[in-house]
Amino acid sequence: MQSTQVFPLAADWLDLLTAEQQKRVRQDVLIEQVAAGTVVERKGEPVQSWLGVLDGLAKVSVGTADGRLVSFTGIPPGGWLGEGSLLKREKRKYDVVALRESVVARMPAATFNWLLDTSIPFNRYLLVQMNERLSQFIGRSEYRLLDPDARVARHVAELFNPLLYPGTGSRLAINQEEIGYLAGVSRQRANQALHRLEAAGLLTVGYGAIQVNDLDGLRRFGG
DNA sequence: GCATTAACCACCG
DNA sequence: CGGTGGTTAATGC
């Protein structure tokens, strides 16, 4: 199930490319619609493409051999990932799973490398993205020390990071179970945290969605 | 005390 | 109808 037809390609880096480069990208990138629960990429497989989430929500998880989750990230629409493994030509180091029905894009390694060789703006984009991700990763280590309300606040804020996920507006379709999963709390506790954050005027809770009103406030909440 | 799981049921789309 | 959310009760750390 793939089409190279019209793609409302959620990728702001596309604008950084020349017309010729955009043309090749559109030709080479494969788009695929996947059902909820689909394992888009499995840990250990050779990396052949750069992955983009165009619609839906994907999770990236890293676990130990016994299956225990060590790290876990949500990728909303507009997020692209896997450039690290692609650059090092190594095997994928994590599982990528669609949390719900999603649309994913794959850019072949050859195209990715060609862009690296021909587009300085694209390199700059990657540099910014990788730096931002590193900063996010380091910051997350202190989440464990925070209470559940603050953990939820920060994980929600991460999903709205404009540098990593430019396609995400102020509203994101994500249910409370998924938020709980991201923040490492139960659905009930996530629900409670969301309402406290709403009472603090930081976000608005909708049906199967949240709307962020104060991104900085969320990042700062509880600490 | 606080969080978790399980279970309801009401409501939204 | 299925999915989501608000709530409660029982149990554990």
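Throughout, protein chains are lettered first and strands after them, A, B, ... in sequence-line order, and every chain is numbered starting at 1.
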Worksheet item: Quick one: are A:Arg151 and A:Arg144 in side-chain contact, heavy atoms under 4.5 Å?
Response: no

Discussion item. Within the 4.0 Å limit for protein heavy atoms, which parts of nucleotides 2-7 of chain B are touched? Write it as a string from 5' to 3', B for base, S for sugar-phosphate only, - for none.
Written reply: -SSBBB

Worksheet entry | A:Thr204 and A:Glu198: side chain donor to acceptor below 3.5 Å | no

Fill in: Five-pair end axes of the helix from B:dG1-C:dC13 to B:dG13-C:dC1 and the angle they enclose, rounded to 10°
20°

Response to the item:
Contacts of A:Val128 meeting side chain to side chain contact (heavy atoms under 4.5 Å, CB included) (sequence neighbours excluded), chain-then-number -> A:Leu163

Practice prompt. Give me the other members of the hydrophobic cluster that A:Ile138 sits in, counting Ile, Leu, Val, Met, Phe, Trp and Tyr linked by side-chain heavy atoms under 4.5 Å, directly or via other members.
Written response: A:Leu134

Practice prompt. Can you tell me which residue pairs pass the salt bridge (charged side-chain N to carboxylate O under 4.0 Å, His left out) test with a partner in residues 111-134 of chain A, sequence neighbours excluded?
Written response: A:Glu83-A:Arg133

Worksheet item: Would you say A:Asp149 and A:Arg189 make side-chain contact, with heavy atoms under 4.5 Å?
Response: yes

Practice prompt. Using atom types as modelled and distance alone, determine if a side-chain donor or acceptor of A:Asn175 lies under 3.5 Å from a backbone N or O of A:Gly208.
Written response: no

Worksheet entry | Range on DNA chain C touched by chain A - first to last nucleotide, heavy-atom distance under 4.0 Å | C:dG3 to C:dT8

Discussion item. For a quick check under 3.5 Å, do A:Tyr143 and A:Glu158 share a side-chain donor-acceptor pair by atom type?
Written reply: yes

Fill in: Nearest-0.5 Å distance, CD of residue A:Gln22 to OG of residue A:Ser119
10.0 Å

Worksheet item: Any sub-3.5 Å donor-acceptor pair from A:Arg100's side-chain atoms to A:Ala35's backbone N or O?
Response: no

